[in-house]
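Note sheet for the following structure.
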Amino acid sequence: MRLDKRHPRYESLMQREALVNGYEEGVTALAGLIAHGRGEAYDYILGEKTLPQARHAVKAASALLLLASRPVISVNGNTAVLCPEELVELANACDAKLEVNLFYRSRERVSKIEAILKRHGAREVLGMEPDREMPGIASKRRWVAEDGIHSSDAVLVPLEDGDRAAALAEAGKKVIAIDLNPFSRTAMVAHITIVDNVIRAVPLLIKEVVALKKKDSMELRKMVAAFDNHENLRDIIAHIREVLGRNFSPKLKRML
Ligand code: PTJ
């Protein structure tokens, strides 16, 4: 489909188009389209822009990624089509490994996602031959690479299910989530939750990681320690409540 850049919902339509194509090519899971719809609803309420609270979380997350000795970026079928180039750039910027980890795992999907990431410059992509099983995860996401998620100390998990986010935290890893839904279990159990669209959050992470590289580790540690995830989520939920109250027109209010 050809989309006109002047269309008021151009960006949003482009994301849908990428996901629909991703599904047709066997990269994105069918349920990934539903997950995206849920994300869109939150993004609409958030004004489709990055909130100051998300910027705050991006700073702490970037510091954490730089402090980690074995950081891993987990890639699924949605992020592989929404921001593959940026995920590779982020991995390079913070010296992280890329691992394909899927809820609806099949060798075919893993291999297609690996190919996309390699097309965008990734040298190594883990996940094709996962040799470790993580306890506490009911889905196929329990299969992880020994060299990747299994031995990582920090994992970036964009678009996650709460099950795995909790299991990763339980396994002693620092979990950074990107999730538009501040009420999700993932958002609650992660150490740092960036409530923003991956499309905007990943480029911000790249910028911040590059900027923070100049800081010493003491300063980075202070930034991580000063970040309170639950307080940040509370602020975002308060913002959502305020937006929902503010946006009712008098006519709509009368109808309710
Ligand atoms: O590719 P697979 O097989 O690993 O499957 C991936 C899906 C997305 C199907 C799987 O992880 C899943 O079921 O996820 P959930 O539990 O539906 O959670 C997805 C979360 O991501 C929801 O809370 C959405 O609000 C959020 N979300 C959706 N799109 C975006 C998003 N958050 C940030 N940016 C988005 N673009």
Side-chain angles (χ1 to χ4, degrees), residues 11-51 53-54 57-58 61 73-84 86-87 90 98-114 116-117 127 130 134 137-144 149 155-168 175-190 192-205 233 236-237 240:
E11 289 298 332
S12 168
L13 290 173
M14 285 296 284
Q15 288 174 46
R16 284 189 179 184
E17 189 72 358
L19 286 157
V20 170
N21 290 340
Y23 170 67
E24 283 168 356
E25 285 159 16
V27 174
T28 307
L30 182 55
L33 306 186
I34 298 171
H36 184 75
R38 178 165 1 143
E40 271 189 342
Y42 281 104
D43 210 8
Y44 200 86
I45 293 169
L46 298 173
E48 293 171 326
K49 58 178 193 302
T50 303
L51 297 179
Q53 293 88 344
V58 162
I73 299 174
S74 182
V75 183
N76 73 357
N78 286 48
T79 50
V81 298
L82 286 174
C83 50
E86 292 80 0
L87 289 171
L90 178 61
L98 288 160
E99 179 165 341
V100 181
N101 180 277
L102 303 178
F103 189 88
Y104 300 101
R105 184 187 163 85
S106 72
R107 283 182 67 81
E108 203 189 342
R109 284 188 67 216
V110 177
S111 123
K112 286 181 178 176
I113 295 170
E114 181 182 323
I116 292 176
L117 294 171
M134 275 199 71
I137 306 179
S139 74
K140 288 185 177 174
R141 279 191 147 169
R142 66 183 180 276
W143 294 107
V144 295
I149 290 171
V155 193
L156 173 67
V157 288
L159 267 91
E160 191 62 21
D161 52 287
D163 216 26
R164 188 170 75 123
L168 288 169
V175 179
I176 302 166
I178 305 177
D179 191 339
L180 278 159
N181 176 5
F183 302 99
S184 73
R185 206 155 70 90
T186 300
M188 302 286 173
V189 300
I192 300 177
T193 304
I194 303 167
V195 180
D196 200 7
N197 196 323
V198 287
I199 288 272
R200 296 186 297 270
V202 180
L204 283 175
L205 280 167
L233 289 171
I236 292 165
I237 292 167
I240 290 175

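Whatever order the structure lists them in is the order used to number ligands and atoms, beginning at 1. Note that these values count all heavy atoms, side chains included, but never hydrogens, waters or copies made by symmetry. These numbers were taken from a predicted model, which means no experiment stands behind them.
With respect to R185, the side chain to side chain contact (heavy atoms under 4.5 Å, CB included) criterion is satisfied by exactly one of D161, D179, D163: D163. Each of L90, D196, I176, L87 was scored for a side chain to side chain contact (heavy atoms under 4.5 Å, CB included) with L205, with one residue passing: L90.
Of all atoms in ligand 1, listed by their number and element, those nearer than 4.0 Å to a heavy atom of A31 are 9 (C). Within ligand 1, the atoms closer than 4.0 Å to a non-hydrogen atom of G77 are 1 (O), numbered from 1 in the order shown. Here is the list of ligand 1 atoms found below 4.0 Å of a heavy atom in G32: 9 (C). Within ligand 1, counting atoms from 1 as listed, the ones closer than 4.0 Å to a heavy atom of L102 are 1 (O), 3 (O), 4 (O).
Residue contacts with ligand 1: E40 is excluded, as none of its non-hydrogen atoms falls under 4.0 Å.
Residue-environment remark: OH (Y44) stays at or below the threshold of 12 foreign heavy atoms within 6.0 Å.
Every residue meeting the side chain to side chain donor-acceptor pair (under 3.5 Å) condition with R142, not counting sequence neighbours, appears here in chain and number order: E133. In this structure, I34 has no side chain to side chain contact (heavy atoms under 4.5 Å, CB included) partners at least two apart in sequence or on a different chain.
A donor atom on one side chain and an acceptor atom on the other are not found under 3.5 Å apart for S74 and R141.
Looking at A29 next to ligand 1, no N or O pair under 3.5 Å apart turns up.
Taken to the nearest 0.5 Å, the CD1 atom of I178 stands 11.5 Å off from the CZ atom of R200. In this structure, CD on E25 lies 8.0 Å from NZ on K112, to the nearest 0.5 angstrom.
Closer than 4.0 Å to atom 12 (C) of ligand 1 lies none of the heavy atoms of the protein. Counting protein heavy atoms under 4.0 angstrom from atom 27 (N) of ligand 1 gives one or more.
A distance-only check finds a donor-acceptor pair linking the side chain of T28 to the backbone of G77 [under 3.5 Å].
Shortest contact from atom 21 (O) of ligand 1 to any protein heavy atom: L159 CG, 3.5 Å. Nearest non-hydrogen protein atom to atom 22 (C) of ligand 1 is D179 OD1, 3.7 Å.
Residue contacts with ligand 1, taken as heavy atom pairs separated by less than 4.0 Å, involve R141 solely via side-chain atoms from C-beta onward. Under 4.0 angstrom from ligand 1, the non-hydrogen atoms of D196 all belong to its backbone. Contact annotation for R109 and ligand 1: only side-chain heavy atoms (C-beta onward) come within less than 4.0 Å of the ligand.
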